Amino acid sequence: MNRDGEETASPWWRGAVMYQIYPRSFLDTSGDGVGDLSGIISRLDYLARLGIDAIWISPFYRSPMADFGYDVSDYCDVDPIFGTLDDADRLIAAAHDRGLRVLVDWVPNHTSDRHPWFVDSRSSRDATRRDWYFWRDGREDGPPNNWWAVFGGRAWTYDDRTSQWYLHLFLPQQPDLNWGNPDVVAAMHDVLRFWLDRGVDGFRIDVAHLIGKDPALPDQPAALGQLDRVGIHNDPRTHPLLRGIRRVVDSYPGERVTVGEVNLHETSAIRAYYGQRDELHMAFNFLPLTVEWTAAAWRELIETVERELGEGAWPTWVLSNHDTQRHRTRLGGDERRARAAAVLLLTLRGTPFMYQGEELGLEDADVPEERRVDPGGRDGCRAPIPWTREQGHGWPVEDPWLPWPPEAGRCNAEAERDDPGSMFHLYRALLIERRSSPALSQGGIRVGPSPEGILAYERRAGDDLRRVLVSFADRQLDVPLQQGWTASVRSAGVAPWDGRLQPNEAVVLRPR
Ligand code: GLC
């Protein structure tokens, strides 16, 4: 932000690489098998060495953990399982000491059913906060409308106490807040200020597109059947609410940032959530989580993002997160493909979001039935991070809350630090390259012609130029016309550039 309240040409977050921490699974220090804030603090040096710029921490607030922290019962305190508010302050300060920024996860669409606001709201029809949530009479045949919840079942739960139904787009333990009520808006803005005052650099906003709702809560078209709202809810009332949120965030110095989860499938629809640079600073682009591993599919994806977002909306890229199968697993466990995908993530135009452990090449854990705990079946990608080789992998317990990912004896931070050919060192090399190249961190992109099975693009900022080649083929391919270029990073190793791509290899070239 400059003094006129406008985004500067290149705010820090445009050139940054973000790293998502899922605190339950990062590192435990207390011995209960669940990660905590002290665990994060103890690995900040690791993250600084890796070369990322900012961390986003999934919710660590007080929570009954029905959705592992995405059901918040106090936005302004730390759940004892993760530590204390002092630990959060220490974490923010320790990150800043190392030049790392901190984004916290803010969950505006719903609270926990144990949040005092909801406890009051449900207590009687004339409770002060009755209208902070959506309470409605049912229809003859059941709930007030035909919406379905994300983890199954109706989006409504009937409450005997007051003989009305309340809305929850997720679990019944996650009642939706009514953002149509100005008191809710004020209370949630206070939560933003609470964390901004503590020094956080911004927010990842959970399901940001769901907060605006038509108070009539009309049925969705019958043709949509039991489809939940997350992929389809696109109400114009959300936009003024996001502008209000943006004003609070922008009223603080230091280019604080918001990145919102807008789970719509069309990039053109997501574009609207950037507003006129007065809503979200960035919206997640989730398409790479499902795109096929082919040159044609990636080419189309990149071109769609460039075309639909245009100049004013800075793109984001992500391969893995706490809600989806890890990309290495999606790519059939193939390490070569996972390496090439890392090159894509870190060389496309936009801000990349890494997910903890992808720099170790982790795959999803195979979680046996009896150990599954998540209502959304997302346990595999939430497996604990192995830090060391030996049993227990640097955790104070041998068997944390979820089982270890596969090959934890090989894919762990200690072993990979000692192996120059590891995934960790590939990410490090890419992050160093990105940091040293304005073309990669801020420049424009042009997808060029390329032989079958290869994606080729150029990044440029002023005189700085990089060319990226990604092979999606399972055989070696010759790439003509690449004289005058030398390899900065090769996903398959350190050999000099010889005009030949190994199977599923990606290479970052710079002019000789
Ligand atoms: C978001 C989160 C997910 C959570 C849901 C409800 O999609 O990423 O983990 O379950 O919102 O808060």
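Values in this document were obtained by computation on a predicted structure and should not be read as measured data. Counting convention: from 1, in listed order, for ligands and their atoms alike.
In summary, Lys213 and Asp235 do not engage in a salt bridge, as defined by a charged side-chain N under 4.0 Å from a carboxylate O. A salt bridge links Arg193 with Asp190; the closest basic N to acidic carboxylate O contact falls under 4.0 Å.
Protein heavy atom closest to atom 2 (C) of ligand 1, with residue, atom name and distance, is Asp206 OD1, 3.1 Å. Of the protein's heavy atoms, Asp67 OD2, 3.3 Å lies nearest to atom 4 (C) of ligand 1. The closest protein non-hydrogen atom to atom 5 (C) of ligand 1 is Phe170 CE2, 3.6 Å. Looking from atom 8 (O) of ligand 1 to the surrounding protein, the closest heavy atom is Asp323 OD2, 2.5 Å.
The atoms of ligand 1 that sit less than 4.0 Å from any heavy atom of Arg378 are 3 (C), 4 (C), 9 (O), 10 (O).
Ring centers of Phe118 and His110: at least 6.0 Å apart, outside the cut-off. For Phe424 and Tyr46, the ring centers sit closer than 6.0 Å to each other. Checked against the 6.0 Å centroid threshold, Tyr75 and Phe194 do not count as a close aromatic pair.
Of all the heavy atoms of Arg204, the ones lying under 4.0 Å from any atom of ligand 1 belong exclusively to the side chain. Under 4.0 Å from ligand 1, the heavy atoms of Phe151 that appear belong solely to its side chain.
Thr238 and Trp179 share no side-chain donor-acceptor pair at under 3.5 Å.
The residue among Glu261, His110, Gln20, Gln174 with a heavy atom at the shortest distance from atom 7 (O) of ligand 1 is Glu261.
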